[in-house]
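In what follows, a single structure is set out as structure tokens and then discussed.
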Amino acid sequence: MSALPTRPGACGTGCRADRATTADGRAWSIWDTFCERPGAVAGGDTGEPAADHYRRMSDDVRLMSELGLRAYRFSIAWPRVRPAGCAVNGTGLDFYERLVDELLEHGIAPWPTLYHWDLPQELEDRGGWANRDTVYRFADYVGSVPRRLGDRVSNWTTLNEPWCAAFLGYAAGVHAPGRTDPRAAVAAGHHLLLAHGQGREVIRGHAPGAGAGITLNPFPVHPNDPEDAADVEAEQSAPFIGQQVVAAAQVRQARAGTVGVRVEGPPGHEATANRVGARCVRPVPYGAQRSAEGISHSLCRHRSTT
């Protein structure tokens with residue numbers, strides 16, 4: 001097997017990098033709301049100003065260049081570009097245009113991620129990722145970005161780690177929006193992957209030669225106690241609960257009895273879901289192993305072993 005092509009780079013992680021939560025028309029996101037919930041985040045931290053990338057972008061790019069980096073994976077904030085999930089905020093897009101141009105001037109390839117968990121709060125108020133309409137609002141938002149930047153960006157990522165957004169956000173409640181509804185989590189997982197497929201089509205409509213993919217976080221799972229039948233059953237369920245969420249076309253029927261849910265949709269639902277599939281670039285971050293313990297119908301009782 002030939003070695004994969006590599007280039008040294010850096011990665012910025014959504015609202016943990018740029019923040020500037022009220023600057024230039026940016027609206028509230030689900031993480032802004034979540035951070036205000038007492039006890040939701042250790043120490044009551046909000047991430048403001050975080051790395052302050054929004055205000056220190058030029059210095060950050062200069063430092064990347066001095067380090068010899070040749071790629072930068074950064075996140076574009078949906079609440080900054082389409083603050084309420086509706087009209088485009090040109091000032092918000094201006095920042096990302098300046099960033100792309102500055103990166104290129106320093107010989108650094110821009111690699112934008114279009115969704116790093118910061119859903120506009122207004123869309124969450126309408127049901128969030130458990131609501132199929134969010135898929136179409138995402139496609140609208142995606143279209144705004146390559147229309148402006150597609151002539152300078154060669155690779156795009158639609159979603160960052162949809163498993164986290166769906167299951168940690170809607171089932172475990174430990175990520176924004178902090179819901180604990182397993183049915184909503186499975187619906188969110190399906191809709192996120194459908195949004196990836198829709199977004200990929202939109203990107204290629206504006207930039208036909210560009211790479212368009214998704215970032216996933218697969219991980220091995222082992223029973224916490226190999227002698228405990230419940231833990232072994234949890235291990236066997238884990239691939240559906242976690243990694244098989246990327247097989248969106250199977251979510252409606254596969255292992256439905258295990259989690260006691262069914263995702264319904266209009267005619268053509270399954271065929272539409274096939275759009276999420278093949279032939280896209282898939283960056284895979286290094287992640288942790290997990291140990292599974294008895295989970296019954298709870299989707300996300302797992303703990304890290306690293």
Side-chain angles (χ1 to χ4, degrees), residues 11-57 73-86 89 92-93 95-96 99 112-131 133-135 137-138 140-142 144-145 157-181 184-185 187-189 191-192 195-196 199 214-217 245 285 287 300:
C11 174
T13 53
C15 60
R16 290 173 288 178
D18 62 332
R19 290 307 280 176
T21 56
T22 60
D24 297 330
R26 182 191 179 279
W28 218 235
S29 78
I30 56 175
W31 270 98
D32 299 309
T33 303
F34 187 70
C35 286
E36 288 200 332
R37 183 183 300 178
V41 179
D45 293 338
T46 66
E48 185 69 65
D52 207 17
H53 182 53
Y54 191 78
R55 298 182 180 91
R56 302 187 179 196
M57 178 267 290
R73 179 194 166 211
F74 59 92
S75 301
I76 293 178
W78 187 349
R80 198 180 301 285
V81 174
R82 283 188 177 248
C86 301
N89 174 25
L93 266 175
F95 167 73
Y96 298 108
L99 171 58
T113 294
L114 290 160
Y115 185 70
H116 203 130
W117 308 345
D118 52 351
L119 183 71
Q121 181 60 46
E122 186 165 325
L123 293 182
E124 175 59 28
D125 293 341
R126 302 178 205 166
W129 284 112
N131 179 358
D133 185 65
T134 302
V135 174
R137 303 291 72 77
F138 178 74
D140 291 341
Y141 150 63
V142 170
S144 309
V145 185
T157 298
T158 54
L159 308 174
N160 179 76
E161 299 175 1
W163 177 84
C164 295
F167 291 95
L168 299 184
Y170 286 83
V174 296
H175 279 195
R179 291 166 62 177
T180 52
D181 181 350
H191 294 149
L192 279 156
H196 160 64
I214 186 170
T215 296
L216 306 176
N217 58 321
V245 71
C300 289

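If you read the sequence from its start, that first residue is 1, and numbering goes on from there.
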Looking at every heavy atom in both [X] and [Y], which two are closest together, and how far apart are they?
{"X": "P120", "Y": "P83", "value": "CB-O, 3.8 Å"}
{"X": "A185", "Y": "F167", "value": "CB-CD2, 4.0 Å"}
{"X": "L159", "Y": "F138", "value": "CD2-CZ, 3.8 Å"}

Listed partners of [X] passing side-chain hydrogen bond (donor to acceptor under 3.5 Å, both in side chains), at least two apart:
{"X": "T158", "answer": "H196"}
{"X": "N131", "answer": "none"}
{"X": "Y141", "answer": "none"}
{"X": "T33", "answer": "W28, Q121"}

Would you please indicate yes or no on a ring centroid separation below 6.0 angstrom for W31 and H175?
->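 So the answer is yes for these two rings.
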
Mind checking whether F34 and W117 have ring centres under 6.0 Å apart?
->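 No.
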
Sidechain N-carboxylate O distance under 4.0 Å for D32, R26 |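 Answer for the salt bridge query: yes.
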
Find the distance between CH2 (W129) and CG (L119) and round it off to the nearest 0.5 Å.
->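 CG of L119 is found 6.5 Å from CH2 of W129.
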
What's the spacing between C11 SG and F74 CZ if we round to 0.5 Å?
->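 Answer for the SG-CZ pair, C11 versus F74, is 11.0 Å.
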
Non-neighbouring partners of A184 that pass side-chain contact (heavy atoms from CB on, under 4.5 Å), sequence neighbours left out =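 Result, side-chain contact (heavy atoms from CB on, under 4.5 Å) vs A184: A130, Y170, R179, D181.
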
For D133, which residues count as a salt bridge (charged side-chain N to carboxylate O under 4.0 Å, His left out) partner, sequence neighbours excluded?
->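 In terms of salt bridge (charged side-chain N to carboxylate O under 4.0 Å, His left out), with neighbours along the sequence ignored, D133 is linked to R137.
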
Who are the salt bridge (charged side-chain N to carboxylate O under 4.0 Å, His left out) partners of R37, not counting sequence neighbours?
->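 Partners of R37 under the salt bridge (charged side-chain N to carboxylate O under 4.0 Å, His left out) test: none.
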
Any donor-acceptor pair under 3.5 Å from D118 side chain to P79 backbone |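 A pair under 3.5 Å: no.
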
Hey, is the main chain of R80 close enough, under 3.5 Å, to the side chain of N89 for a donor-acceptor pair?
->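 It does hold such a pair.
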
Are the side chains of [X] and [Y] in touch, meaning some heavy atoms are under 4.5 Å apart?
{"X": "R82", "Y": "L123", "answer": "no"}
{"X": "L168", "Y": "W163", "answer": "yes"}
{"X": "H191", "Y": "T134", "answer": "no"}

Of V145, T157, L99, which meets side-chain contact (heavy atoms from CB on, under 4.5 Å) against I76?
->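 Only one of V145, T157, L99 forms a side-chain contact (heavy atoms from CB on, under 4.5 Å) with I76, namely V145.
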
